[in-house]
Amino acid sequence: MSRRRIVRLSKTDGVLIIGSNATRIETKDGRTGATGQYLNETVVPMLALINAGYEVVLATPNGAKPHMDEASDSAEHFGGDVSAYEKARAFWANDTSMNSGLTLRGAIEQGLDNFAAIFVPGGQGPVVDLMIDPDMGEIARHFHEKGKPSAYLCHGPMATVAAMRHAREFRSALVAGDEAKAREWAKGWQYAGYKMTVFSDTEEKVVEDYILHAKLYFNMIEALTAAGGDVSKTKVDFEPNVVIDRELITGQNPRSDHPIAAALIEALDRRQGV
């Protein structure tokens with residue numbers, strides 16, 4: 001059996017992993033629920049990239065390590081493979097890649113040309129901070145304009161909203177339930193017309209009913225559709241699903257972790273001529 005050729009790349013070929021610092025998300029009862037970043041969605045693609053020879057660099061809005069969503073801290077998200085779960089947990093806790101990150105502004109100042117791709121994992125965190133972060137917007141616009149692979153998983157695709165001129169107003173309109181106003185604020189969005197996927201409303205209902213015990217102000221499919229995205233989902237909840245349109249690679253749910261990693265690596269290898 002042939003072995004995949006590992007390509008050792010220079011820093012200019014690194015992958016920028018963009019994490020969230022959110023720990024709470026608003027709910028319709030006027031309170032907030034615990035949230036964060038999913039373990040498997042973060043570590044599975046990062047390890048796949050590292051094993052493929054790509055350097056990974058973590059960046060978050062404030063430079064601090066992301067908060068792990070407690071709901072993701074389970075071997076269930078690794079297909080019941082306890083060994084894989086424990087390896088991922090150790091990577092999250094101890095690996096230099098997870099513990100020596102930049103701020104998003106620091107990544108920009110370091111030079112976005114130093115990165116060949118971006119990857120944004122989910123958990124609901126991106127819905128809170130990344131989708132309205134101006135530095136996230138600058139990063140997303142750079143990778144869109146340069147046509148460099150841009151992968152977003154689960155709730156991660158909501159971070160593409162940051163590329164809008166009026167991302168904060170767009171989110172506020174969604175929270176207010178004013179879809180018409182949201183559509184107005186979204187005009188000129190760079191990803192309008194792109195095929196994409198995101199965590200679905202029926203998948204979110206499971207989280208709302210059994211984890212948050214409350215309803216969110218808006219669901220992700222309606223939000224990206226209002227923005228102008230061509231959003232699709234699987235017929236069966238929690239089936240893996242990855243959609244690729246030009247440079248944009250989106251995954252629907254936590255079980256899309258391995259497929260989106262493979263798609264991102266394929267896109268990177270293709271750009272490198274591997």
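Keep in mind that the numbers below use all heavy atoms, side chains included, and drop hydrogens, waters and symmetry copies. What you are looking at is a predicted structure, and each value in this text was computed from that prediction instead of being measured.
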query: Are Leu39 and Val82 grouped together when hydrophobic residues (ILVMFWY) are joined by side-chain heavy atoms under 4.5 angstrom apart?
result: no
- prompt: With the threshold set at 4.0 Å, does a side-chain nitrogen-carboxylate oxygen contact exist between Lys215 and Asp209?
  reply: yes
message: For the NZ atom of Lys148 and the CG atom of Asp113, what is their distance to the nearest 0.5 Å?
response: 5.0 Å
- request: Look at Glu203 together with Arg255 and state whether they make a salt bridge at an N to O cut-off of under 4.0 Å.
  value: no
- prompt: Should Gln37 and Trp92 be marked as a side chain to side chain contact (heavy atoms under 4.5 Å, CB included) after you check the CA-CA gap, both sets of side-chain angles, and the distance that decides it?
  reply: CA-CA 11 Å; Gln37 189 166 305; Trp92 181 290; 4.2 Å; yes
message: Go through it in stages, so that I can follow the logic: the residues are Gln110 and Phe115, the test is side chain to side chain contact (heavy atoms under 4.5 Å, CB included), and I'd like the CA-CA distance, side-chain angles, deciding distance and then a yes or no.
response: CA-CA 10 Å; Gln110 180 173 298; Phe115 302 101; 3.5 Å; yes
- request: Could you check if a side-chain atom of Val206 sits within less than 4.5 angstrom of a side-chain atom of Phe238, using non-hydrogen atoms only?
  value: yes
query: Between the side chain of Asn253 and the main-chain N/O of Asp237, is any donor-acceptor distance below 3.5 Å?
result: no
field: Backbone of Gly106 reached by a side-chain donor or acceptor of Thr103 within 3.5 Å
entry: yes
message: Could you report the tightest heavy-atom contact between Ala182 and Phe170, atom names first, then the distance?
response: O-CD1, 3.1 Å
message: For Arg246, I'd like to know if atom CZ has over 12 heavy atoms of other residues, nucleotides or ligands within 6.0 Å.
response: yes
field: Heavy-atom side-chain proximity of Val231 to Glu222 below 4.5 angstrom
entry: no
- request: For the pair Trp185 and His166, name the ring-plane relationship: parallel under 30°, tilted 30 to 60°, perpendicular over 60°.
  value: tilted
query: Which atom names give the shortest non-hydrogen contact between Pro61 and Asp129, and what distance separates them?
result: CG-OD2, 3.8 Å
message: For the CG atom of Leu248 and the NZ atom of Lys195, what is their distance to the nearest 0.5 Å?
response: 11.5 Å
field: From CG (Asp133) to CZ (Arg168), nearest 0.5 Å
entry: 8.5 Å
query: So how far is it from Asn219 CG to Lys205 NZ, rounded to the nearest 0.5 Å?
result: 12.5 Å
message: For the NE2 atom of His155 and the CE atom of Met131, what is their distance to the nearest 0.5 Å?
response: 11.0 Å
message: If hydrophobic clusters are built from ILVMFWY residues whose side chains come within less than 4.5 Å, do Met158 and Leu216 share one?
response: yes
- request: May I ask you to test the Asn99-Lys65 pair for a side-chain heavy-atom distance under 4.5 Å?
  value: yes
task: Spell out, as yes or no, whether a donor-acceptor pair under 3.5 Å connects the side chain of Thr197 to the backbone of Ser232.
output: yes
task: May I ask you to check whether Tyr85 and Asp73 show a side-chain donor-acceptor distance below 3.5 Å?
output: yes
message: Quick check: is Tyr194 connected to Met136 through a chain of hydrophobic side chains (ILVMFWY, heavy atoms under 4.5 Å apart)?
response: yes
message: With heavy-atom distances below 4.5 Å as the criterion, would you say the side chains of Asn241 and Glu239 are in contact?
response: no
- prompt: Taking only residues two or more places apart in sequence or in another chain, which ones pass salt bridge (charged side-chain N to carboxylate O under 4.0 Å, His left out) with Asp201?
  reply: Lys233
- prompt: Which atom pair, heavy atoms only, marks the closest approach of Thr250 to Ile260?
  reply: C-CD1, 3.9 Å
- request: Evaluate the side-chain proximity of Phe78 to Asp257: yes if any heavy-atom separation is below 4.5 Å, no if none is.
  value: no
- request: Without swapping roles, check the side chain of Asn51 against the backbone of Leu47 for a donor-acceptor pair under 3.5 Å.
  value: yes
task: Please answer whether the main-chain N or O of Val127 pairs with a side-chain N or O of Arg171 as donor and acceptor at a distance below 3.5 Å.
output: yes
query: Between Asn21 and Ala64, is there a donor-acceptor pair closer than 3.5 Å when you use the side chain of the first and the backbone of the second?
result: yes
message: Are the side chains of Glu145 and Gln190 in contact, using a 4.5 Å heavy-atom criterion?
response: no
query: Is Ile17 close to Leu49 at the side-chain level, that is, under 4.5 Å between some pair of heavy atoms?
result: yes
- prompt: Given Arg89 and Glu86, is the salt bridge (Lys or Arg N to Asp or Glu O under 4.0 Å) satisfied, shown in steps?
  reply: CA-CA 5 Å; Arg89 216 176 185 288; Glu86 291 177 345; over 6 Å; no
- prompt: Given the rule in the side chain to side chain donor-acceptor pair (under 3.5 Å) test, do Gln124 and Glu204 qualify, once you have shown the distances and angles that lead to the verdict?
  reply: CA-CA 10 Å; Gln124 293 158 328; Glu204 196 76 82; 3.0 Å; yes
message: For Val120, run the side chain to side chain contact (heavy atoms under 4.5 Å, CB included) check against Leu153, Ile18, Leu16 and tell me which one passes.
response: Ile18
- prompt: Roughly how far, to the nearest 0.5 Å, is OG1 of Thr23 from CD of Glu70?
  reply: 11.0 Å
message: Can a donor-acceptor pair be found, under 3.5 Å and without considering hydrogens, that links the side chain of Trp189 to the backbone of Thr160?
response: yes
- prompt: Taking NZ, NE, NH1 and NH2 as the nitrogens, is one of them in Glu169 or Lys181 under 4.0 Å from a carboxylate oxygen of the other?
  reply: no
task: Take Ile249 and Phe119, measure what side chain to side chain contact (heavy atoms under 4.5 Å, CB included) needs, and give me the verdict at the end.
output: CA-CA 9 Å; Ile249 305 168; Phe119 171 65; over 6 Å; no
query: Side chains of Ser72 and Glu41: do they bring a donor and an acceptor to under 3.5 Å?
result: no
message: Strictly distance-based, threshold 3.5 Å: is any side-chain N or O of His77 a donor or acceptor partner for the main-chain N or O of Ala71?
response: yes
query: Do Tyr54 and Gln272 touch side chain to side chain, with heavy atoms closer than 4.5 Å?
result: yes
query: Should Met164 and Phe218 be counted in the same cluster of Ile, Leu, Val, Met, Phe, Trp and Tyr side chains packed under 4.5 Å apart?
result: yes
query: With hydrophobic residues grouped by side-chain heavy-atom distances under 4.5 Å, do Val207 and Val198 end up in a single group?
result: yes
field: Minimum heavy-atom distance between Val161 and Ala167, given as atom pair plus value
entry: O-CB, 3.5 Å
Phe91 and Thr42: CA distance, side-chain angles, deciding distance, side chain to side chain contact (heavy atoms under 4.5 Å, CB included) verdict: CA-CA 10 Å; Phe91 180 92; Thr42 305; over 6 Å; no
field: For the student: nearest non-hydrogen atoms of Thr27 and Gly33, plus distance
entry: CG2-N, 4.2 Å
- request: Locate the shortest heavy-atom distance separating Leu212 from Ala34; write the atom from each residue and the value.
  value: CD2-O, 3.8 Å
